[in-house]
2 protein chains.
Amino acid sequence: MDTASSPRTPTLEDVAERAGVSRSVASRAINNVGNVSDTKRAAVHRAVRELGYVPNPSARALATNRVGAVVLAVATDEPGIFADAFFAQVIYGISVALERTDVTLTLVLAGRPEGAAKLRQIVRSRRADGIMLMNLHGDDPLAKLAEQTTMPVVFGGRPLGAEPQWYVDTDNRSGARLATEHLVEAGYRRIATITGQLSLDVAEARYRGYRDAMAVAELPAHRVEHADFSEAGGAAAMARLLEAHPDLDAVFAASDNMAAGALRTLRAWGRAVPDEVGVVGFDDLPTALHTDPQLTTVRQPIEALGAEMARMLLSILDGVRPTPLILPARLVVRGSTRPAADR
Amino acid sequence: MDTASSPRTPTLEDVAERAGVSRSVASRAINNVGNVSDTKRAAVHRAVRELGYVPNPSARALATNRVGAVVLAVATDEPGIFADAFFAQVIYGISVALERTDVTLTLVLAGRPEGAAKLRQIVRSRRADGIMLMNLHGDDPLAKLAEQTTMPVVFGGRPLGAEPQWYVDTDNRSGARLATEHLVEAGYRRIATITGQLSLDVAEARYRGYRDAMAVAELPAHRVEHADFSEAGGAAAMARLLEAHPDLDAVFAASDNMAAGALRTLRAWGRAVPDEVGVVGFDDLPTALHTDPQLTTVRQPIEALGAEMARMLLSILDGVRPTPLILPARLVVRGSTRPAADR
DNA sequence: GTGAAAGCGCTAACAC
DNA sequence: GTGTTAGCGCTTTCAC
């Protein structure tokens, strides 16, 4: 039959030989680059198919200085935060955006020092072509990563107090304003807020949006407690709010998880939602549907956030210089708020 | 100062030159392999430090046929399932186990056909040294992946009706038995169950555990509905159960999410939990703490599952032939069940 | 349009 | 112990 070729995985050389061309022609044909006659091109492609040839990524990477991988780094310390459905949705979006390319996704949890070190190691050894970086707290030294490397970095959300060259973010400030305006329009007046850690830009922006709306409505915005975006944190903050401001009649929580915690506390305190207290969350996670009552919230397009980050990074790698992208947030009204007329 | 060396990233050759040794000695010193005198070893390490040398992973991979990456493939179609806190915890466990190695984690969502194709592509081109594969349904062709490649595959959970060479799994059957026994001991008698998709081994095993316990208690085990591990699915299944078996006084749901859905339906139907109906879940996700009442459930060590998968894969890559690992599950009693004496 | 040949940066025999 | 050398499999000038 055939010359007894060993059953090792075929190389470009095997393809070239079988197609009766040189290695350089085979390479050009495979990568659709340079000039190759149609005859030879076809012969090469047939050989590729027959042999089941797959290029060796390491060899290619070595020759081209492109590894065909991007990393998603999530700067989160505790599993609790990462376990949030939020990141899963981001990852899903990225994954779909990468599916049709032959770029691979490397995931790094860069919250703990070991993880951050690993990320730096990846960067220094150029094990990836680019980085998507999320969930940076204000003081995180990783925020400076973009300046320390030539590898392109796309931020998911802005690091606090910085305006990176490339990022994708939700319009958090507007979203929070929408949420608060909705409470005002529903006739609530003594509106409190539960913020996330103000070392996160996203928390800061949502707090701003709350104050924007309160200022416009000429309502006092002093009923404020800070938490950490978690359900437990939201529950505790709600309790503090109720103690400090027993007269409050609504609360805007900067995440659905915190809103869920707030609902729990309100129930424990015997405050009826939405009749005595209106509650609005942020994110529109599955959580928002599972609470009782269901949460009025602000939907941010989380999967799209991931997909857009990936797309932005890929375009940068293709030589394009995109501009930052701000995704819109919109209000979703459910049972945890009700117009004054109906209460 | 120095000879005008270009500012490109240093190579092994640069290190060797600076340390005054040959490249092979430098390589041996760096990889702690073969014989190198202490003097030269020290010189090499100093040169490495001074130059900030980092080995080029592609070159190393090309030479050693080891790429220093493992993939986690999750065979999940819909974002909803992946968004489950479960996978996030698994990933966290894997990530921690990998932190101290210089092995990188590649994530592939292999549920959609494009994702599965991508996984196969990774395997064929050997872009990774090994695979962790999770959430396989009974009919998923990926289950055969392990037989089609020499790349080691560690399964997270068993594929239905198969006993792969390497896997890490929770003792789902025992866990489900514990859950059901707990209901029996609490004095519930007309105990129903909501299963996951029986095309998943994990659902099948938990269903078995339920029947085991019911058989031992000599109770009828015909109050059964099937769902898909989701909250919505659990809610719907609970409604079907209540219609078909209005007399039921307890339900074992094969996941916390389904149990949460069941709670929602029970509340809507005006059945008091735990006094009229006892409810037990499975997983001990954060969800279990956020329901009202909190869920009695079966805790499985999810982070450990991820960590053990990673450890198992690494040990295989080190030439060890480990045996499959079954992790224990244990009962966690909370408010959704109550002994008959207290009801 | 095509092919020869020189690397990419590393490791691993093998001879000294 | 140490250095020389031959690859790993690919891309990419550069002549023809």
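Just so it is clear: chains get the letters A, B, ... in the order the sequence lines come, proteins before strands, and each one is counted from 1.
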Arg127(A) side chain near Thr104(B) side chain, heavy-atom distance below 4.5 Å: yes

At what distance, to the nearest 0.5 angstrom, does CZ of Arg66(B) lie from CG of Leu317(B)? 5.0 Å

Distance check needed: dG7(D) C1' versus Asn65(B) CG, whole Å only. 13 Å

So, is Lys40(A) close to the dG1(C) phosphate, meaning a side-chain N or O under 4.0 Å from OP1 or OP2? no

Quick tally for nucleotides 7-16 of chain C: nucleotides whose base has a protein heavy atom under 4.0 Å get B, sugar-phosphate-only ones S, the rest -, giving -BBBBBB---

Beyond-backbone contact of Ile30(B) with Val44(B), side-chain heavy atoms, under 4.5 angstrom: yes

Residues Glu99(B), Lys118(A): salt bridge by 4.0 Å N-O rule: no

Side-chain donor/acceptor of Trp166(A) to backbone N/O of Thr323(A), under 3.5 Å: no

State whether the side chain of Thr149(A) and the backbone N or O of Ala146(A) hold a donor-acceptor pair below 3.5 Å, judged by distance alone. no

Is there a side-chain contact between Val108(A) and Gln121(A) in this structure, where contact means two heavy atoms from C-beta onward sitting under 4.5 Å apart? no

So, taking the atom named CG in Asp129(B) and the one named CD1 in Ile316(B), what distance separates them when rounded to the nearest 0.5 Å? 12.0 Å

Rounded (10°) bend between the five-pair end axes of the helix from dG1(C)-dC16(D) to dC16(C)-dG1(D): 40°

